[in-house]
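Notes for the one structure printed next.
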Amino acid sequence: PIEGYSISSTGALTMVSGSPFSGLSEGSQGAFDQSGDFLFDYAEFLNSGTNTITWQMGALNVGSGGVLSQPTSPLTLPTGGFFAVTDPQ
């Protein structure tokens with residue numbers, strides 16, 4: 001599950017209502033887009049039976065109060081590596 005916290009003006013952390021969020025894509029790394037409306041998570045999965053790695057990227061909506069939801073299934077990537085979230089507009 002993904003845990004969500006808000007940061008006050010004094011730097012205090014408060015758990016977001018509904019956190020931890022389960023049933024979302026599993027990610028070991030994440031990055032917000034510039035607007036803060038989306039959280040992109042990235043994960044690597046090892047299949048020990050075939051000794052292969054699968055990479056996935058998921059997009060999560062950040063709703064009111066920081067509540068997370070997942071509008072689409074994670075995307076399986078052809079290769080792994082680093083990622084950056086950007087808006088070409």
Side-chain angles (χ1 to χ4, degrees):
I2 298 174
E3 295 180 6
Y5 294 87
S6 63
I7 303 172
S8 73
S9 59
T10 63
L13 292 175
T14 305
M15 187 172 277
V16 171
S17 177
S19 177
F21 302 99
S22 58
L24 304 173
S25 60
E26 298 177 28
S28 56
Q29 303 174 42
F32 287 94
D33 74 331
Q34 289 87 345
S35 71
D37 292 337
F38 300 97
L39 171 63
F40 294 88
D41 65 348
Y42 172 81
E44 297 179 2
F45 300 98
L46 172 64
N47 181 329
S48 58
T50 61
N51 204 27
T52 58
I53 297 175
T54 302
W55 299 273
Q56 288 187 338
M57 176 79 67
L60 307 174
N61 285 333
V62 180
S64 177
V67 175
L68 297 177
S69 63
Q70 187 168 4
T72 62
S73 298
L75 173 67
T76 299
L77 304 173
T79 61
F82 298 98
F83 72 95
V85 178
T86 186
D87 182 359
Q89 307 282 328

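No hydrogens, no waters, no symmetry mates; every other heavy atom, side chains included, goes into these values.
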Quiz item: Which residues satisfy the side chain to side chain contact (heavy atoms under 4.5 Å, CB included) test with Thr52, sequence neighbours excluded?
Solution: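 Residues passing side chain to side chain contact (heavy atoms under 4.5 Å, CB included) with Thr52: Asn47, Thr50.
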
Quiz item: Do the side chains of Leu68 and Met15 join up, straight or via other hydrophobic residues, at under 4.5 Å, putting them in one cluster?
Solution: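 No, it is not one cluster - the side chains of Leu68 and Met15 are not joined through contacts under 4.5 Å.
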
Quiz item: Linking I/L/V/M/F/W/Y whenever their side-chain heavy atoms sit closer than 4.5 Å, directly or via other members, would Ile2 and Tyr42 fall into one cluster?
Solution: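 Per the 4.5 Å side-chain linkage, Ile2 and Tyr42 are not co-clustered.
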
Quiz item: Of all heavy-atom pairs between Asp33 and Phe40, which one has the smallest distance, and what is that distance?
Solution: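 Nearest heavy atoms, Asp33 then Phe40: CB-CE1, 4.1 Å.
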
Quiz prompt | Least distance between heavy atoms, Pro71 atom then Ala59 atom | solution =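 Taking Pro71 first and Ala59 second, the nearest heavy atoms are CD-O, 3.5 Å.
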
Can you tell me how far [atom2] of [Y] sits from [atom1] of [X], rounded to the nearest 0.5 angstrom?
X: Phe45; Y: Thr76; atom1: CZ; atom2: OG1; answer: 9.0 Å
X: Leu39; Y: Gln70; atom1: CG; atom2: CD; answer: 10.0 Å
X: Ser22; Y: Glu3; atom1: OG; atom2: CD; answer: 11.5 Å
X: Asp41; Y: Ser28; atom1: CG; atom2: OG; answer: 8.5 Å
X: Met57; Y: Leu77; atom1: CE; atom2: CG; answer: 5.5 Å

Practice problem: Under the side chain to side chain contact (heavy atoms under 4.5 Å, CB included) rule, what do Phe21 and Leu60 come out as? Steps first, then yes or no, please. | Solution: CA-CA 11 Å; Phe21 302 99; Leu60 307 174; over 6 Å; no

Quiz item: Would you say the side chain of Val62 lies within less than 4.5 Å of the side chain of Phe38, judging by non-hydrogen atoms?
Solution: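 SC-SC contact between Phe38 and Val62 ruled out.
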
Quiz prompt | Side-chain heavy-atom pair Asn51, Leu46 within 4.5 angstrom cut-off | solution =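 Yes, their side chains come closer than 4.5 Å.
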
Quiz item: So, does Asn61 use its side chain to make a donor-acceptor pair with the main chain of Ser69 at under 3.5 Å?
Solution: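 A pair under 3.5 Å: no.
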
Quiz item: Has the side chain of Ser35 got a donor or acceptor atom that lies under 3.5 Å from a matching backbone atom of Asp37?
Solution: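 Checked: pair present.
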
Practice problem: Quick one: do Thr14 and Tyr5 satisfy side chain to side chain contact (heavy atoms under 4.5 Å, CB included)? Show the steps, please. | Solution: CA-CA 5 Å; Thr14 305; Tyr5 294 87; over 6 Å; no

